[in-house]
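Both backbone and side-chain heavy atoms feed into the values below; hydrogens, waters and symmetry mates do not.
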Amino acid sequence: AGGAEAGAGAACQDVRRDAPSGIDHPAPGRTPLLERIEGLEDYAPHLRGLDVSSNNLRQIEGLQGMGKLKELKLYGCQIGRIQGLDQCTALAALHLEDNLITAVEGVGHLRTLEYLNLDKNR
């Protein structure tokens, strides 16, 4: 978990290495978990897909400049509210299953949204 997908033909890159702050550093041999989405400014205008699932994210933030983002995977985090998607105007698929969301809100402006998964929320 935690990779970023650029447009077609581009290699999948793990951008976490460029954003060390906000990462919970676990025991040696374990992958660090993200606590915040940050450090993606250089990639943001080109991203079509972003998968930061199964991390320690508590809120949706750090998506500035991601106007071309079509798919966002945030399942298995600790998100309690749908927010921070104002600049994701091209979003077609939003994966928010297995979080702490109790109300469907913050998606009304997403006119291109075709898929929303909120399974297993509390």
Side-chain angles (χ1 to χ4, degrees):
E5 299 172 25
C12 181
Q13 297 179 351
D14 184 350
V15 295
R16 289 180 299 171
R17 69 180 181 279
D18 297 327
S21 62
I23 296 176
D24 177 24
H25 297 282
R30 301 186 109 191
T31 304
L33 298 176
L34 294 176
E35 293 180 352
R36 288 183 302 278
I37 300 170
E38 59 183 10
L40 298 178
E41 295 81 11
D42 292 341
Y43 304 97
H46 312 289
L47 287 177
R48 302 292 187 277
L50 179 63
D51 184 356
V52 287
S53 301
S54 301
N55 277 291
N56 285 337
L57 301 172
R58 287 180 164 66
Q59 61 184 359
I60 303 170
E61 62 183 349
L63 304 177
Q64 295 82 5
M66 296 190 187
K68 295 181 180 177
L69 191 68
K70 294 192 175 290
E71 183 173 28
L72 179 58
K73 295 181 179 181
L74 289 162
Y75 55 83
C77 294
Q78 299 173 27
I79 296 168
R81 186 170 174 222
I82 304 171
Q83 62 184 23
L85 299 172
D86 297 339
Q87 295 191 20
C88 301
T89 55
L91 203 59
L94 181 55
H95 304 261
L96 288 168
E97 58 268 33
D98 196 20
N99 277 289
L100 305 172
I101 298 167
T102 57
V104 180
E105 57 189 9
V107 294
H109 69 285
L110 300 174
R111 302 287 181 218
T112 58
L113 192 65
E114 297 174 358
Y115 176 86
L116 174 62
N117 191 335
L118 291 168
D119 288 344
K120 295 191 268 183
N121 273 279
R122 303 163 198 37

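When atom types are taken as modelled, the side chain of Asn55 and the backbone of Leu57 share no donor-acceptor pair closer than 3.5 angstrom. Although no hydrogens or angles enter the test, the distance criterion places no donor-acceptor pair under 3.5 Å between the side chain of Ser53 and the main chain of Gly76.
Note that CD1 of Ile60 and CG of Asn99 are 8.0 Å apart. Values are rounded to the nearest 0.5 Å. With values rounded to the nearest 0.5 angstrom, Cys77 atom SG is found 11.5 Å from Glu35 atom CD. Atom CD of Glu71 and atom CD of Glu114 lie 11.0 Å apart (nearest 0.5 Å). In this structure, CD on Glu97 lies 9.5 Å from CG on Leu116, to the nearest 0.5 angstrom.
Residues meeting the side chain to side chain contact (heavy atoms under 4.5 Å, CB included) test with Arg122, sequence neighbours left out: Asp98, Leu100. Legend: residues meeting side chain to side chain donor-acceptor pair (under 3.5 Å) with Gln83, ordered by chain and number and at least two apart, are Gln59, Arg81. For Asp42, there are no side chain to side chain contact (heavy atoms under 4.5 Å, CB included) partners at least two apart in sequence or on another chain. Every residue was checked against the side chain to side chain donor-acceptor pair (under 3.5 Å) condition with Asp86, not counting sequence neighbours, and none meets it. Under the side chain to side chain donor-acceptor pair (under 3.5 Å) criterion, Gln78 pairs with Asn56, Arg58, not counting sequence neighbours.
Two residues are said to be in side-chain contact when any heavy atoms from C-beta on lie closer than 4.5 Å; Gln87 and Met66 fail this criterion. A 4.5 Å side-chain heavy-atom check between Ile37 and Leu63 finds at least one atom pair inside the cut-off. Between Leu118 and Ile82, some side-chain heavy-atom pair lies under the 4.5 Å cut-off. In this structure, Leu72 and Leu85 have side chains that are in contact, with non-hydrogen atoms separated by less than 4.5 Å. Within the 4.5 Å cutoff, no side-chain heavy atoms of Thr89 are placed close to those of Leu110.
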May I have the step-by-step check of side chain to side chain contact (heavy atoms under 4.5 Å, CB included) for Asn117 and Leu94, ending in yes or no?
CA-CA 7 Å; Asn117 191 335; Leu94 181 55; over 6 Å; no

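The salt bridge (charged side-chain N to carboxylate O under 4.0 Å, His left out) pairs that include a residue from residues 59-69 number zero, where partners must be two or more places apart or lie in different chains. Residues in residues 54-112 take part in these ring pair (Phe, Tyr, Trp, His ring centres under 6.0 Å) pairs, two or more places apart or across chains: His95-Tyr115.
Smallest separation of non-hydrogen atoms from Leu74 and Ile79: CB-CD1, 3.9 Å.
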